[in-house]
Amino acid sequence: MNRLAYNKLVDRFFKLAALAATIVGLVFLFTLVWDIAHDGAGRISWSFLTSFPSRRPERAGILSALVGTIWIMGLTAVFAFPIGVGAGVYLEEYTKKKNLITRLIEINIANLAGVPSIIYGLLGLGIFVRALSLERSLLTGALTLTLLILPIIIISTREALKAVPFSIREASYALGATRWQTTYRQVLPVALPGILTGTILALSRAIGETAPLITIGALTYIAFLPESVFDPFTVLPIQIFNWVSRPQKGFAVNAAAAIIVLLVLTLILNSIAIYLRHRFQRRIRW
Amino acid sequence: MKSFLDRRSRQRIFERGIHAALLLCASLSIFTTIGIILALFFETFDFFKEVSIIEFLTDTQWTPLFVDKHFGILSLVAGTFIVSLIAMCVAIPLGILCAIYLSEYSSPRFREVVKPILEVLAGIPTVVYGYFALLFVTPLLKSFIPGLSGFNALSPGIVMGIMILPMVSSMSEDAMHAVPSSLREGAYALGATRFQVATKVVVPAALSGIMSSFVLAVSRAVGETMIVTIAAGQQPRFSLNPLVPIETITAYIVQVSLGDTPAGTIEHKTIFAAGMTLFIFTLALNLISNWLKERFREEYR
Amino acid sequence: MVDNDIVFQISNINAWYGEKHVLKDISMRIKQRKVTALIGPSGCGKSTFLRCLNRMNDFIHNFRLEGRILYKAQDLYSPETDPIEVRRTIGMVFQRPNPFPKSIYNNIAYGLQIFGIKDRAKLDAIVEDSLRKAALWDEVKDNLGQNGLALSGGQQQRLCIARAIAVNPEVILFDEPCSALDPVATAKIEDLIMELKNEYTVVIVTHNMQQAARVSDYTGFFMLGDLVEFDDTKKIFTTPANKLTEDYITGRFG
Amino acid sequence: MVDNDIVFQISNINAWYGEKHVLKDISMRIKQRKVTALIGPSGCGKSTFLRCLNRMNDFIHNFRLEGRILYKAQDLYSPETDPIEVRRTIGMVFQRPNPFPKSIYNNIAYGLQIFGIKDRAKLDAIVEDSLRKAALWDEVKDNLGQNGLALSGGQQQRLCIARAIAVNPEVILFDEPCSALDPVATAKIEDLIMELKNEYTVVIVTHNMQQAARVSDYTGFFMLGDLVEFDDTKKIFTTPANKLTEDYITGRFG
Amino acid sequence: YAHAARRLVKIDGSSTVFPITEAVAEEFQIEKRGRVMVTVGISGTGGGFKKFCRGEVDIVDASRPVKSVEAALCRKNGIEYIELPVAYDGIAVMVNPQNNWVDHLTVKELKKMWEPAAQGRITKWSQIRRGWPEREIHLFGPGVDSGTFDYFTKAIVGKSGASRGDFTASEDDNVLVQGIATDPDALGFFGLAYYEHNRDKLKLVPIDDGNDSNGKGPILPSAETVNKGTYQPLSRPVFIYVSKEAASRPEVDEFVSFYLENAGTLSAEVGYIPLPEDIYKRALRKFKKRKTGSVFGGKGAKMGVTIHDLVRH
Ligand SMILES: Nc1ncnc2c1ncn2[C@@H]1O[C@H](COP(=O)(O)OP(=O)(O)OP(=O)(O)O)[C@@H](O)[C@H]1O
Ligand SMILES: Nc1ncnc2c1ncn2[C@@H]1O[C@H](COP(=O)(O)OP(=O)(O)OP(=O)(O)O)[C@@H](O)[C@H]1O
Ligand SMILES: [Mg+2]
Ligand SMILES: [Mg+2]
């Protein structure tokens with residue numbers, strides 16, 4: 001066999017292997033979703049979405065958990081987005097000169113991105129629950145998740161800013177714009193879809209987090225809706241965790257149904273991200 | 001004639017204010033780290049007043065909740081290690097292959113559809129994965145590994161690997177995508193196959209991004225909690241056998257967080273010592289990766 | 001001793017990127033309402049020099065400058081000088097056209113808006129005027145809402161020129177404005193530059209010697225960080241005083 | 001009817017990107033061991049045409065080609081033709097130098113290694129030989145381990161040429177190889193191209209007409225996807241048959 | 001606090017007691033038509049007391065009596081508590097339905113397989129009782145940090161926390177059900193409620209405590225045997241602890257009264273064993289009198305405390 005045929009064979013084989021790897025992931029996802037849908041789809045109904053938890057599986061619903069999840073996501077986004085973008089902008093636009101402090105911040109952020117979520121739970125417990133005595137409120141939960149996803153947002157903000165050609169900044173400076181004018185009016189709008197994509201993906205990670213919220217003690221039966229950020233809350237993953245560990249079979253079905261709702265939420269968030277990414281990639285033709 | 005003298009003092013003050021605000025945002029990360037260290041430090045410190053650090057690091061049993069107490073973190077570390085190792089053995093090859101397929105072989109249409117679908121994998125609550133490992137994967141594995149326990153490191157390891165696969169594939173794909181196509185063209189024009197272009201040109205050029213994805217994935221595996229809590233059993237064991245029940249550091253922290261141990265006792269303080277270990281673990285991992293990244297980059301500008 | 005005709009009085013400047021010495025003891029006077037061309041082989045420091053004139057090098061962190069640049073008797077690098085104001089007075093057009101990813105209208109209005117001009121009628125007037133001066137008005141007047149990036153390369157470059165004109169600078173610096181363009185577009189830009197000198201002082205970097213010969217009044221030849229020769233364009237291209245200049249120019253055409 | 005001198009026999013090709021028709025019914029014959037230049041304004045399809053000749057367009061997913069291209073009597077686009085083999089036989093050098101981020105040595109050895117040549121002595125010999133042919137050997141011989149990206153632009157481009165030569169192609173396609181280079185580097189590359197035609201068939205895209213005039217034997221003038229005129233270079237630049245060609249050429253020099 | 005306007009009862013603690021408290025909270029809120037809100041958390045008995053003694057919650061669900069460290073912490077913070085039993089939790093010992101050799105187990109046999117000395121040595125069924133097969137025994141139990149585990153070790157081995165370490169532990173009892181249901185060599189123990197809902201997958205083992213005064217021979221757990229005190233020693237009372245200070249708030253007072261009035265029916269509904277009716281009455285009286293302190297003297301799980309001792313006042 002000559003070299004060319006050999007190369008082509010390797011290439012063909014490798015392509016198959018790579019395709020197989022991709023398909024493994026997809027098959028797994030579909031199995032998982034099918035498995036859950038099989039168990040829970042029949043349970044989803046309007047009353048399931050609008051009832052409070054109950055000891056009777058057939059009467060129980062996810063209203064407080066769903067509302068709690070939406071609150072938590074909203075608050076987390078409100079805290080994490082400006083801070084994350086601010087930090088990203090600072091590191092990317094305001095510190096071209098790498099000094100000790102910025103180096104430290106950079107390494108630190110990379111490190112925080114890898115810190116296990118449960119450690120954030122211990123942090124939230126120590127700082128927000130205890131030191132600031134915010135109790136197990138929406139505020140505590142959202143702040144804890146904010147710290148958890150900040151590194152991800154900062155990193156994706158920086159990537160998005162890096163992708164904006166320097167020529168845009170030069171053009172703006174050359175017109176006599178200040179740094180902030182340049183950043184705010186030229187660079188950020190271009191980077192925004194990328195930043196939003198990163199933020200949304202970070203949020204969709206936060207939405208499924210259980211461990212840190214368990215650690216701060218949010219695992220709760222709640223049969224009312226929060227009225228302010230100081231109110232106690234529960235979220236879907238915790239409701240799911242609670243239900244799967246109950247003896248009655250009906251709760252296992254409820255859990256599956258709640259998982260479907262959670263997946264739909266995640267899917268919605270991801271679709272927005274995809275849409276943004278799509279538009280972003282299409283528009284940029286420098 | 002125009003003068004360049006400062007006529008914009010208000011704007012200047014505004015600019016300074018913005019600068020300070022942004023700096024504050026960036027330094028929040030430092031405070032977070034300090035917060036983590038403080039949150040863990042005091043109880044860890046108390047813990048080591050009662051348990052010698054030598055015992056902590058050398059004993060091979062971890063039984064703080066039993067009458068006969070041993071505080072050898074190595075058993076939990078071994079559990080964490082074996083599960084993460086299995087996860088990485090699944091996620092890295094699959095993730096890289098997947099990334100290469102999406103970036104170098106597939107049509108853009110296919111990539112646009114598949115990449116986000118895979119990313120959904122990363123957004124599924126980990127509780128769900130835990131039950132999937134326990135109720136689906138373990139029985140499946142049992143049918144061809146007879147010696148497998150109902151709880152083991154293998155099944156959660158595999159499931160965790162699948163869970164972090166999109167992290168590896170997505171971030172690696174991003175890195176590969178960013179490699180200028182001029183490099184690819186250079187290689188194709190020499191008669192290279194896609195395989196050769198992918199492995200000899202694109203992957204080396206994207207190596208630093210690929211490494212970052214590995215490191216984040218490892219950190220995620222090391223820190224993953226619910227899957228192992230549910231599917232790995234809770235038996236601290238100083239062993240690297242993937243077929244028997246084990247316990248990871250994170251699973252232990254959850255166990256005590258949800259348990260009956262009174263606060264203030266030595267048993268309770270163990271979770272902070274364990275948490276500190278975990279933190280130092282991931283810190284070391286990140287520092288090493290940082291070093292690796294600096295070392296192995298093929299910069300293409 | 002200040003000559004009213006002299007816009008820039010550059011005295012013995014030296015510049016470094018880190019350890020790399022890229023401008024060596026350069027002195028030059030640039031005249032008002034003239035086109036001054038800077039030529040020389042790649043990497044000789046033309047762009048660096050040009051960017052010293054409006055402090056665009058401030059953004060390069062390892063850049064260092066010594067020496068003095070006076071702009072109409074005022075020290076560009078003195079601590080009281082506001083670089084924002086400098087860059088506003090001394091505009092710049094870059095090698096690759098770099099319109100903002102906004103509409104044509106907003107590309108031009110941006111420079112005015114950041115200085116607080118909000119009056120729509122006034123903006124409209126200036127936008128039209130600048131586009132006319134940049135010889136682009138006829139081509140885009142029906143499409144001012146179109147994205148600036150959707151224009152052809154040559155149109156983009158004229159848009160960038162219009163944008164620079166709009167803020168009413170006194171000097172316009174061009175850094176190889178035609179190197180990304182095809183000949184037809186190049187010719188248009190060259191015509192434009194020759195017109196601009198009626199109102200503005202123009203400094204242009206190019207490595208196309210024909211271009212320098214065609215458009216400029218004065219030419220400076222740089223090599224390896226030195227200003228080898230600076231004189232009337234005609235003189236440089238017919239009877240250069242320096243052997244290096246001659247070699248470079250004839251080498252190109254030979 | 002196959003002329004031994006003809007390397008490419010291009011018959012009525014049409015090409016599209018998606019809906020956009022970018023090459024319109026083009027036929028051409030390219031002669032062996034000659035330099036053929038393709039000129040024309042930006043966006044007229046020169047690069048597209050060039051990339052059809054070694055199937056580099058295969059990688060653009062919405063690209064479509066109709067018509068026939070014979071390479072020495074072999075249909076380049078027939079299903080039996082192996083595109084890998086085609087690209088190996090017909091090398092290419094790009095507009096911007098694109099060395100791999102590897103050492104100089106490995107940049108050149110790469111093309112050989114992918115075809116299984118591992119013998120170190122043989123590799124050494126070919127590396128040296130290619131670098132000599134690309135007129136780069138003297139400048140880098142003491143530094144073969146240096147990263148290719150650390151070279152100057154002109155050196156990088158010569159490195160890319162050496163890399164293309166190393167795999168021993170029969171044809172080398174150049175897509176605006178000098179547009180990112182300064183005149184001194186350009187002159188070196190031009191010399192090199194003129195030497196290469198002793199051994200290789202060369203096709204070069206350029207929008208610098210002087211360059212086409214200097215280096216080529218035949219010139220094709222493209223405009224808006226049409227091949228307006230194709231003839232001896234001398235004829236094209238002195239007595240073009242087509243008015244468009246004449247306008248374009250004189251517009252440039254005028 | 002911002003939610004002072006809303007009348008809120010905050011409860012936290014054991015996951016074992018959670019289903020009962022949740023059921024009570026649900027009914028209570030229905031009755032109050034949303035004028036009072038109740039939150040019930042799960043952070044373990046230990047975690048619950050930690051919050052309770054900091055004054056962060058009003059009531060703690062406890063699957064074991066208060067321990068001395070916790071009592072000390074409460075005292076330090078000036079929190080006084082009223083100890084109220086709310087139901088029995090029967091601990092069921094279970095094997096796989098395919099297991100055809102185990103008909104009953106004695107406390108001695110249980111001790112033999114669970115005591116610390118068994119670790120690594122008692123690995124086969126045949127070592128427990130002669131005639132049982134020569135197969136490996138696989139043990140399952142609740143998380144070693146749970147009240148159930150604590151109680152089981154104290155009742156069977158004699159010292160809480162004294163157990164072999166090589167068994168499969170899980171916080172999540174469904175996980176244990178799964179483990180035992182799929183493994184013919186398995187044996188495990190956990191709350192009776194989990195057996196009730198998985199009868200088809202599990203086989204319940206009668207226990208003989210060797211003491212004929214409380215029922216002769218092996219006894220199966222049931223409401224009757226637990227209540228009569230014949231299913232010994234594997235049934236234990238579970239509690240709520242109410243902060244005396246919080247009890248002065250009307251909503252807490254009402255809630256606890258409602259709890260004790262309805263605990264009988266509701267605990268049965270969620271799979272627990274109700275206390276005798278008069279015990280609830282006496283507990284209510286104890287609460288109304290705000291009798292504080294613990295009858296266990298801060299020693300945690302304790303054998304031989306009769307149900308009547310619990311509500312002495
Ligand atoms: N940011 C930088 N950091 C370090 N060195 C730089 C930087 N920018 C330019 N240089 C170096 O400074 C020297 C002068 O660069 P400059 O861009 O001024 O040259 P030029 O004459 O404009 O060349 P060209 O015609 O290629 O644009 C070159 O050797 C270049 O490599
Ligand atoms: N990948 C692509 N997708 C869609 N359109 C393309 C693509 N590549 C090129 N085109 C378009 O096809 C036409 C011909 O492009 P081509 O690159 O062949 O021109 P060219 O003559 O090489 O121009 P230049 O001198 O600027 O390199 C142009 O209008 C261009 O915009
Ligand atoms: Mg330059
Ligand atoms: Mg081209």
Side-chain angles (χ1 to χ4, degrees), chain A residues 7-8 10-11 14-15 17-19 21-22 24-26 28-29 32 35-36 83 86-87 89-91 94 105 107-119 122-123 126-127 147 150-151 178-180 201 204-205 207-208 210-211 214-215 237 240-241 244 259 262-263 266-267 270 274, chain B residues 11 15 18-19 21-23 25-30 32-33 35-36 39-40 94 97-98 100-102 105 114 116-128 131-132 136 162 165-166 193-196 215-216 219 222-223 225-226 250 253-254 257-258 275 278-279 282-283 285-286 290:
Chain A
N7 281 355
K8 278 175 66 175
V10 171
D11 184 49
F14 185 77
K15 178 177 178 174
L19 180 62
T22 312
V24 164
L26 292 173
F28 198 92
L29 178 73
L32 188 59
D35 191 38
I36 295 162
I83 299 176
V89 165
Y90 181 80
L91 293 174
Y94 279 71
I105 293 179
I107 293 178
N108 188 44
I109 287 171
N111 181 47
L112 284 177
V115 169
S117 58
I118 194 157
I119 302 270
L122 293 174
L123 172 70
I127 292 190
L147 293 186
L150 259 185
T178 63
R179 203 181 273 273
W180 178 243
L201 291 179
S204 76
R205 166 163 182 210
I207 209 174
T210 321
I214 286 180
T215 322
I240 292 163
F241 185 58
V244 290
I259 290 168
L262 189 57
L263 280 184
T266 319
L267 221 55
N270 279 286
I274 293 159
Chain B
Q11 204 176 24
E15 288 281 322
I18 292 279
H19 191 114
L22 295 177
L23 175 60
C25 290
S27 39
L28 191 69
S29 69
I30 300 277
T32 307
T33 304
I36 289 176
L40 298 174
L94 285 185
L97 282 176
C98 193
I100 290 179
Y101 186 80
L102 292 180
Y105 283 95
V114 168
I117 291 183
L118 283 176
E119 278 166 0
V120 171
L121 273 176
I124 295 176
T126 52
V127 178
V128 180
Y131 278 90
F132 193 67
F136 191 90
I162 297 284
L165 185 154
T193 61
R194 281 184 195 261
F195 169 72
Q196 288 165 329
V215 170
L216 270 187
S219 307
V222 166
T225 310
M226 301 318 286
T250 50
I253 295 175
V254 166
S257 290
L258 285 176
L278 197 55
F279 181 70
T282 46
L283 183 71
L285 211 62
N286 277 292
N290 218 37

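In the text below, chain A, chain B and the rest are named by the order of the sequence lines, each starting its count at 1.
Expressed to the nearest 0.5 Å, how far CG of Leu112(A) lies from OG1 of Thr33(B) amounts to 4.0 Å. The OG1 atom of Thr32(B) lies 11.5 Å from the CG atom of Asn111(A); values are rounded to the nearest 0.5 Å. Atoms OG1 and CE, on Thr210(A) and Met226(B) in that order, are 5.5 Å from each other to the nearest 0.5 Å. Between atom CG of residue Leu28(B) and atom CG of residue Asn108(A) there is a gap of 10.0 Å, rounded to the nearest 0.5 Å. Atoms CD1 and CG, on Ile253(B) and Leu122(A) in that order, are 5.5 Å from each other to the nearest 0.5 Å. Considering CD1 of Ile100(B) and CG of Leu19(A), their distance stands at 13.5 Å, rounded to 0.5 Å.
Listed options Thr225(B), Val215(B), Ile162(B) were ranked by heavy-atom pairs under 4.5 angstrom with chain A; first place goes to Ile162(B). In terms of heavy-atom pairs under 4.5 angstrom with chain B, the leader among Ala87(A), Gly126(A), Ala18(A), Gly208(A) is Ala18(A). Chain B forms the most heavy-atom pairs under 4.5 Å with one residue out of Asp11(A), Leu123(A), Leu150(A), and that residue is Asp11(A). Chosen from Ile127(A), Ile207(A), Val10(A), the residue pairing most often with chain B at heavy-atom distances under 4.5 Å is Val10(A). Looking only at heavy-atom pairs under 4.5 Å with chain A, the residue among Leu102(B), Leu165(B), Leu285(B), Leu118(B) that has the most is Leu118(B). In terms of heavy-atom pairs under 4.5 angstrom with chain B, the leader among Ile118(A), Thr266(A), Ile109(A), Leu267(A) is Ile118(A).
Looking at Val244(A), the atoms closer than 4.5 Å to chain B (heavy atoms on both sides) sit in the backbone and in the side chain alike. Both the backbone and the side chain of Ile36(B) have a heavy atom closer than 4.5 Å to some heavy atom of chain A. Leu40(B) touches chain A through its side chain: at least one heavy atom from C-beta onward sits under 4.5 Å away, while N, CA, C and O do not. For Leu216(B), the part sitting under 4.5 Å from any heavy atom of chain A is the side chain, from C-beta outward, and nothing else. With a 4.5 angstrom heavy-atom cutoff, Leu26(A) touches chain B via backbone and side-chain atoms both. Residue Thr250(B) touches chain A through both its backbone and its side chain, counting heavy-atom pairs closer than 4.5 Å. Only the side chain of Leu147(A) has a heavy atom closer than 4.5 Å to any heavy atom of chain B. At a 4.5 Å heavy-atom cutoff, the contact between Ala26(B) and chain A is made by backbone and side-chain atoms alike. Using a 4.5 Å cut-off between heavy atoms, Leu262(A) touches chain B through its side chain atoms alone.
Two rings, from Phe28(A) and Phe132(B), have their centers less than 6.0 Å apart.
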Val128(B) vs Leu263(A), test: side-chain contact (heavy atoms from CB on, under 4.5 Å). Steps then yes/no. CA-CA 10 Å; Val128(B) 180; Leu263(A) 280 184; over 6 Å; no

Q) Between Ser29(B) and Ile105(A), does a side-chain contact (heavy atoms from CB on, under 4.5 Å) hold up when you go through it step by step? A) CA-CA 7 Å; Ser29(B) 69; Ile105(A) 293 179; 3.8 Å; yes

Would Asn286(B) and Val115(A) count as a side-chain contact (heavy atoms from CB on, under 4.5 Å) if you check the C-alpha gap in whole Å, the side-chain angles of each, and the deciding distance to 0.1 Å?
CA-CA 9 Å; Asn286(B) 277 292; Val115(A) 169; over 6 Å; no

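Within the 4.5 Å cutoff, the side chain of Asp35(A) has no heavy atoms near those of the Tyr131(B) side chain. Two residues are said to be in side-chain contact when any heavy atoms from C-beta on lie closer than 4.5 Å; Thr22(A) and Leu97(B) fail this criterion.
Closest non-hydrogen pair, Thr282(B) versus Gly114(A), comes out as CG2-O, 3.5 Å. The nearest pair of heavy atoms linking Tyr94(A) to His19(B) is CD2-ND1, 3.2 Å. Here the closest non-hydrogen pair linking Cys98(B) and Ala21(A) is N-CB, 4.2 Å. Scanning all heavy atoms of the two residues, the minimum distance from Cys25(B) to Gly86(A) falls at CB-C, 3.9 Å.
The aromatic rings of Phe14(A) and Tyr105(B) sit tilted, their planes meeting at an angle between 30° and 60°.
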